2 protein chains.
Amino acid sequence: MASSIYDLARHLNISIGTVSRALNGRADVNADTRQRVLDAAAKLNYSPNQSGRSLRRGSTHSIAFMLQPHPGDQQYGEPFFIPFLTGLQAKLAERGLDLIVVMGAPGDYQQERLRRVVETRRADAVVLAWTRREDERIDYLTRVGFPFATLGRSRSGGKPYPSLDLDFEKAGADAVDRLVARGHRRIAAIRPSLNLNFGYLFLAGYRKALRRHGIEVDPELIASGFINEAGGYEVTPRVMNSRNPPTAIIFNNDAMALGGCKALAEMGIRPGHDMAVIVIVDTPLCRYFSPALTAFRPPLEPMGRRLAEMLLASIPAYAGEEGPRTIREVWPLELIARDSD
Amino acid sequence: MASSIYDLARHLNISIGTVSRALNGRADVNADTRQRVLDAAAKLNYSPNQSGRSLRRGSTHSIAFMLQPHPGDQQYGEPFFIPFLTGLQAKLAERGLDLIVVMGAPGDYQQERLRRVVETRRADAVVLAWTRREDERIDYLTRVGFPFATLGRSRSGGKPYPSLDLDFEKAGADAVDRLVARGHRRIAAIRPSLNLNFGYLFLAGYRKALRRHGIEVDPELIASGFINEAGGYEVTPRVMNSRNPPTAIIFNNDAMALGGCKALAEMGIRPGHDMAVIVIVDTPLCRYFSPALTAFRPPLEPMGRRLAEMLLASIPAYAGEEGPRTIREVWPLELIARDSD
DNA sequence: CGTTTTTCCGTAAACGTTTACGACAACATA
DNA sequence: TATGTTGTCGTAAACGTTTACGGAAAAACG
């Protein structure tokens, strides 16, 4: 069925060694025989057995991305990740590497699956997303010395590792600046409850900017909920029912914003008229919502490409000439002004 | 670094054969030595090298799912797939199998990536989604005899293969029935333009139901666009500008519905008041949109589990006792009545 | 005590690659 | 002619498993 290197060798009456060398483009093989090998490979529809190759080479030629469904009934996905993965995959494919996405079971926060990937050596490196303030995955990977890179920062991990993050702190501050410039003084912030690092960063920027404007930070205007529509829906009334309700809300996430707007609508409050709304991470939802939501857009696809570069550069076996040699990068978020604030 | 079966053998002063047998739970090994092997494995943190194992076994113990970003700038993902993948992964994990998700490059409709997965034997079987009317992937897989299953039906492929689909035809008809019962006679249908099979099925049900009610099918009320927000936004005005505009619209997809509602809003038309709206495939967006959109909900997570069962049952090496032995199943879609119709 | 059966384990081959090493011929150099 | 150099290729070992086969010891049986 599947042809091996032996089939090629037998077919051409040469040794498997030469076949392998010809296929791998090594120098010590006659140009003529190389061509014959290549032709035979095409004719016999040969393609190398991945298991055999990685066993011998000690590397799998593939990179894993951990995708984690959050707990909760009918949990839907982060549209966020697809363009990022597209960029990641594109850059890896340029280098002949495969991207595999490993699904975790809901709830275990990837620990078990991650161990499995590492221990069975299913990939040469792994890309983590949704980093937490303290992230045991990062500790684990540094401890066992497995190559990795993260989308997002963390305080964990002793040694430096490639990471790419968005400047959520600046985005939080920019959002506040913009709202203050438009006359708002009572600005609420709604962020995810899990200790996802970008939630902290956002809040830090929010606080700093408020103080800079001489506005006291009111704890009643800060709420955290589950990072999905239900979370936003549940938590928004809480800030609205505070003693001194806000005139503007910054949501950390499009899904939370959708839920929040639903809650507002039920209170008869219209975003863009009675309430200013800004979302930190833009998605098509923000653009096509009515009113269109002002949001900060991340360049996800380039981010995927860049993080792949950074990861590859950090692995000796793969290091090539891949742009600048930085190991941590923080990219700006671009504000897309629309109709909701 | 990583301990192999040799390390265990040396550590215990026994042969690698016994170690392997002990680990794999074969009968011909003393209960005592098995325990010692297991203990040593835990102590030395042993876990089998996947490449070595699959090379010898001739199977990878993993199933691939092909995830395809659609072409188009900043294409975001189908939230749809995450719960489905969760179910798939859960069932496969029960059997000790890994699920890997393979990203295609945008545009090539998976052909190239699929070939790569098959030819390098990276997985033992593959799960396809978004099946088309005529699907070359299905033809290819049946031709080369590679095990697969599909989420969705197709007309391709000579031999039967495990497939699980939703009854889009009935959903289309049910939507029409419901709207007619509420007094509508001019009902538009908006569906994806790619020849995705569920678009055809939906439209067939829609047509059939209209005829059953003695309503003439007006081609001007049927439009197809790209299967995302932009598609819905672009195409909805087209049906609204027809000579005899609709009083109700059925969208095939939540993203298209969002775009469509945006277009309606810009024309001053409010879903649920001036226009009835029904969506075929429900997501959290439908529930948290204002007004909440009436939609048909698919049980995605159980579907993932069931399709995994069906796939496994169709592979001799994996067949176990996995529920009913059907090979094609069509599941009903449950209507969730909300405020938009 | 001799024979047969059972239990347990070691040996070695095999899966499909890659690659260090050496062999051989052809050729160049002294 | 003797020696070194270069180009090309075959041989065989190695990667980490699984498993067919056979053998030795122990147990069962007469």
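The chains referred to below are lettered A, B, ... by the order of the sequence lines, with proteins before strands, and numbering in each begins at 1. Please read these numbers as outputs of a predicted model, since none were measured by experiment.
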Margin query: Using a 6.0 Å cut-off, check whether atom CD of E112(B) has over 12 heavy atoms from anything other than its own residue.
Written below: no

Check: Parallel, tilted or perpendicular: which fits the ring planes of F65(A) and F84(A), with parallel below 30° and perpendicular above 60°?
Finding: tilted

Next item on the list: Using atom CZ of R53(B) as one end and atom C1' of dC15(D) as the other, report the distance to the nearest whole Å.
Entry: 16 Å

Check: R21(B) side chain: which of dG16(D), dC21(D), dC9(D) is closest?
Finding: dC21(D)

Notebook entry, point to check: dG10(C) C1' sits how many Å from R10(B) CZ, rounded?
Noted result: 16 Å

Item checked: Protein-nucleotide distance (R36(A), atom CZ; dT8(D), atom P), rounded to Å -> 13 Å

Checklist line | Nearest-neighbour nucleotide for the R26(B) side chain, dC15(D), dC9(D), dT19(D) considered | finding: dT19(D)

Note to self: At 4.0 Å (heavy atoms only), tell me whether G58(A) reaches a base, stays on the sugar-phosphate, or touches nothing.
What the structure shows: nothing

Next item on the list: Remember a base hit wins even if backbone is also touched, and classify S4(B) as base, sugar-phosphate or nothing at under 4.0 Å, heavy atoms.
Entry: sugar-phosphate

Next item on the list: Would you indicate what T33(A) reaches in the nucleic acid, counting non-hydrogen atoms under 4.0 angstrom: base, sugar-phosphate, or nothing?
Entry: sugar-phosphate

Item checked: Distance-only donor-acceptor test, R56(A) side-chain atoms vs dT18(C) base atoms, 3.5 Å -> yes

Item checked: Among dC15(D), dT18(C), dG10(C), the one nearest S15(B) by side-chain distance -> dG10(C)

Next item on the list: Would you indicate what D28(B) reaches in the nucleic acid, counting non-hydrogen atoms under 4.0 angstrom: base, sugar-phosphate, or nothing?
Entry: base

Notebook entry, point to check: If you check every side-chain atom of Y6(A), which of dA13(C), dC8(C), dT17(C) has the closest atom?
Noted result: dT17(C)

Next item on the list: Step through the shown structure and confirm whether more than 12 heavy atoms of other residues, nucleotides or ligands are within 6.0 Å of CZ on R26(B).
Entry: no

Next item on the list: Quick one: label I14(B) by what it contacts on the DNA or RNA (base, sugar-phosphate, nothing), any heavy atom closer than 4.0 Å.
Entry: sugar-phosphate

